[in-house]
Amino acid sequence: MTFLRASISYLLRVVIFGMLLRVGVAFYTGIWSLSNPDTIFSSIKNFFYGWHYDLAMAAFLYFILFGSLVLIGYSKSKFKILNSILLFLYTLFLITDALYMKESGRHISYEIYNLVTIESSLGALLLKYWLPLVLVVLGAYAGTKYVKAQYAPIKSILWRVPVFLFVAVISVVFIRGFEGIPQDPSWAYRAGGGATGSVLALNGTYGIVWGIFAGKKSSKEDIYAPKDAAVDQVFKEWVSKRGIKNPTGHFDGNIVILFLEGWSGTLLDMSENGKPVLPFFLKLRQESLRPELMVAGGHRTTEGIFATMCSLPNPFGKSIMFSEIENKDFTCLPQLLDKKGYSSAFFQGSDQNTSGVGLLTLKTGFQKSYGKNEIPHLEKYEQNAWGVYDHDLYKFAESKMDEMKEPLLIAINTNTTHDNALPHGVTTELNDLKEYAHFHYADKELQDFYNSLLKRHWKKDLLIVAFADHTTFANSLFEHYYIPFLMKYVPTGGNTSQKPFEDKLVKGVFHQNDIAATLADLTGTAAPTFLGRSMLHPESYSEGASIFHLGESAWFEGDWSVVFNIRKYGEKKCFLWKEDRTFTHAKDCPPQADRMYMNGLSFLIGSQNILFK
């Protein structure tokens, strides 16, 4: 009975320990707030659903600790040491996941395979995250004090086999969640409460451990739809009016694409005492082609690049990089422009191997890829935790542009806003919005780069396309993907006889998939496999834009958005996105809601079939 009591006591204590850690994560990520108790009360049921994962982690640790004790029969001191190590790793993984979730809005999933490729200044990162690291140590120490595993050795060799079987059965049953198959992290959607509920429910350590041991399973998500739903036909009809089959433009000038690291669309409306966070971007945007709404195709840089350059959706909540389709051939804009004589290069302020960005850019057709380590005399430049600031990145890009033959296709993934640290001695006008000061400074760097581009001696005219690769902070499904966008034509004495498009506001909702389609249309480049539509004359294409986050999808058409859970066929909510950007006040659905729902559902299924066929 001593071994049984020790087992029950250990399992219960580790479950409670896991729940306490998740409470800390909920407050750290801002999902819960003491100043707004309703954030806690409204989601407490979703949080408690996570006991399934807490128990699974407890059973996993129990199997390692007590299973090895039964088999090996080591000393009490070694038993305590192993317990301490397990609890330390438990805490470390959960804090690591919390850091990632605070930045990306989701738990670690496929990224577990490429975290080690993220190269940056280790000292700067340790300095930036010193508090979470301290919490890891304190949390693990508290865990060893609270989770005092009782030392209960089995002396009889005959008893070891049945006791080990007992440990194994208990562990397997608890880890599998009392179901016939192991519980996938995606089961957190069952907690309810949408994206927030699933984030609260999932134990981050469980997600990481699952990723390590479950292997690289298919990134394709199977979505249920009854046979009579005719989703294939709906998608076929929709996609028949997509892609650039008959391009209309003749622009053959230089193209500079700016992936503005982590810029959220919410910044466009943010100001302090009448001083906007992004004054230059707002001014330039008013003088450019811009849509009413632009949404991102993912939550990481690789996802934004693939959606933008290849005019295709990403696997749900994942990148194609480090997945089973990373080596599959896709037709992308740089490849097509290469055939038209464009010289191309991609630049990023962080290491080009971060999350496989450099590899992806080469895969899409860029002829050259540069990261911070390719900048000469890098050690002379001031850096944040990820790499060089934008002003130095822009100068490096311009130096390489001097060596290239026009027309140019240049893409730059900025880095100043990859961190919230400003260069030494730099201050901004934003006193009460200090957490957004780095965006304000990056906007000034963008202005300087724009002015520098205007001063260059171009042989051909210039096109500047500026938008976010993804967002970094959000309070709703909508805000997770709402990004700024502008496309500015600059005559520089080139051979373009007339302005290729009007500087105007384009009605409707557009997606990163539409950027490559628009550029293909503008340059007279046929791209029939693209799923985007041209912003130059969007009325010629099927309407609609899709976003996906943690099991929920939103389909946009006009002023309406239909939101649905991919695991609950037929259920939907309708929102007027202009009036309600938090998606908290559902409206009575319009007459076209059923059609919009079927378009959205068929797009999810059909587009994934394209990726994985």
Side-chain angles (χ1 to χ4, degrees), residues 235-258 288-291 294 297 305-313 329-344 346 364-367 405-411 458-467 485-492 494-545 603 607 610:
F235 181 71
K236 183 178 180 180
E237 293 174 359
W238 181 87
V239 81
S240 66
K241 296 181 180 180
R242 283 284 173 138
I244 308 302
K245 301 175 179 66
N246 299 298
T248 61
H250 303 283
F251 180 80
D252 66 347
N254 302 297
I255 303 172
V256 175
I257 299 174
L258 299 172
S288 306
L289 179 75
R290 72 276 183 197
M294 176 67 74
I305 291 172
F306 181 73
T308 300
M309 294 289 97
C310 305
S311 194
L312 290 171
D329 291 330
F330 296 101
T331 300
C332 305
L333 182 67
Q335 299 167 0
L336 298 176
L337 293 185
D338 178 73
K339 296 177 181 179
K340 297 176 74 72
Y342 273 77
S343 302
S344 60
F346 188 96
T364 62
F366 282 96
Q367 296 160 4
K405 182 180 178 180
E406 296 185 32
L408 306 177
L409 172 63
I410 300 295
W458 298 99
K459 295 178 180 179
K460 291 181 175 289
D461 289 340
L462 176 64
L463 183 74
I464 297 175
V465 188
F467 56 94
F485 175 91
L486 64 82
M487 188 167 76
K488 175 68 174 177
Y489 164 70
V490 181
T492 60
N495 56 6
T496 302
S497 59
Q498 61 182 10
K499 196 172 184 178
F501 56 83
E502 294 182 46
D503 297 328
K504 65 178 182 179
L505 180 69
V506 183
K507 295 291 185 180
V509 181
F510 293 83
H511 189 280
Q512 281 180 331
N513 297 160
D514 300 320
I515 298 174
T518 300
L519 294 177
D521 189 27
L522 181 66
T523 57
T525 305
T529 62
F530 283 3
L531 289 190
R533 59 174 175 156
S534 174
M535 285 179 272
L536 302 183
H537 44 94
E539 67 283 351
S540 302
Y541 301 85
S542 299
E543 190 177 7
F603 176 82
S607 63
I610 290 176

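Treat the numbers as computed from the prediction; the structure is a model and nothing was measured. Index from 1, following the sequence.
A donor-acceptor pair is defined here as one N or O able to donate and one able to accept, closer than 3.5 Å; such a pair exists between the side chain of S311 and the backbone of G532. Side-chain N or O atoms of S288 include none that pairs as donor or acceptor with a backbone N or O of R290 at under 3.5 Å. A donor-acceptor distance shorter than 3.5 angstrom exists from the side chain of W238 to the backbone of E543, with no hydrogens or angles considered. With hydrogens and angles disregarded, a donor-acceptor distance shorter than 3.5 Å links the side chain of E406 to the backbone of K459.
Closest approach of K488 to F501, counting heavy atoms only: C-CZ, 4.4 Å. Of all the heavy atoms in N513 and F603, the pair that sits closest is OD1-CZ, 4.5 Å. Nearest heavy atoms, G297 versus Q512: N-OE1, 2.8 Å. Here the shortest heavy-atom pairing between S607 and L531 reads CB-CD1, 4.2 Å. Between D252 and P407, the shortest heavy-atom distance links the atoms O-CB, 3.5 Å. L408 and N254 make their closest contact through N-OD1, 2.7 Å (heavy atoms, listed as atom of the first residue, atom of the second, distance).
To the nearest 0.5 Å, atoms CE (M535) and CG (L289) are separated by 6.5 Å. Note that OG1 of T529 is 6.5 Å distant from CG of L312, once rounded to the nearest 0.5 Å. Rounding to the nearest 0.5 angstrom, the gap separating the CD atom in Q498 from the NE2 atom in H250 is 9.0 Å. The structure places OG1 of T492 at 11.0 Å from CG of L463, a figure rounded to the nearest 0.5 Å. Here the CD1 atom belonging to I255 is positioned 11.5 Å from the NZ atom belonging to K460, to the nearest 0.5 angstrom. Annotation: the span from T331 atom OG1 to M309 atom CE amounts to 14.0 Å, rounded to 0.5 Å.
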Verdict with reasoning, I515 to I257, per side-chain contact (heavy atoms from CB on, under 4.5 Å): CA-CA 10 Å; I515 298 174; I257 299 174; 5.8 Å; no
Give the C-alpha distance, both sets of side-chain angles, the deciding distance and a yes or no for side-chain contact (heavy atoms from CB on, under 4.5 Å) between T364 and C310. CA-CA 7 Å; T364 62; C310 305; 3.8 Å; yes
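Every residue two or more places apart in sequence or in another chain that forms a side-chain contact (heavy atoms from CB on, under 4.5 Å) with E237 is listed here: Q233. Under the rule for a ring pair (Phe, Tyr, Trp, His ring centres under 6.0 Å), the partners of F330 that lie at least two apart in sequence or sit in another chain are F306. Scored by the side-chain contact (heavy atoms from CB on, under 4.5 Å) test, A520 finds I244, L333, T525, A527, F530 as partners (sequence neighbours excluded). By the side-chain contact (heavy atoms from CB on, under 4.5 Å) test, P538 is found to be paired with V506, F510, R533, residues two or more places apart in sequence or in another chain being considered.
Inter-residue side-chain proximity for W458 and V490 is flagged as unmet; no heavy-atom pair is nearer than 4.5 Å. Taking 4.5 Å as the limit, some side-chain heavy atom of F235 sits within range of a side-chain heavy atom of I610. Under the 4.5 Å side-chain criterion, counting only non-hydrogen atoms from C-beta, M487 is in contact with L519. In this structure, the side chains of T308 and F467 come closer than 4.5 Å at one or more pairs of heavy atoms. When side chains are defined from C-beta on, V465 does not count as touching T518, because their heavy atoms never get closer than 4.5 Å.
Counting heavy-atom neighbours within 6.0 Å of K245 NZ, excluding the residue itself, gives a total above 12. No more than 12 heavy atoms of other residues, nucleotides or ligands sit less than 6.0 Å from atom CD of E502.
Note on residues 334-344: pairs passing side chain to side chain donor-acceptor pair (under 3.5 Å), not counting sequence neighbours, are D338-Q367. Listed by first and then second residue, the salt bridge (Lys or Arg N to Asp or Glu O under 4.0 Å) pairs that reach into residues 510-529 are R242-D514, sequence neighbours excluded.
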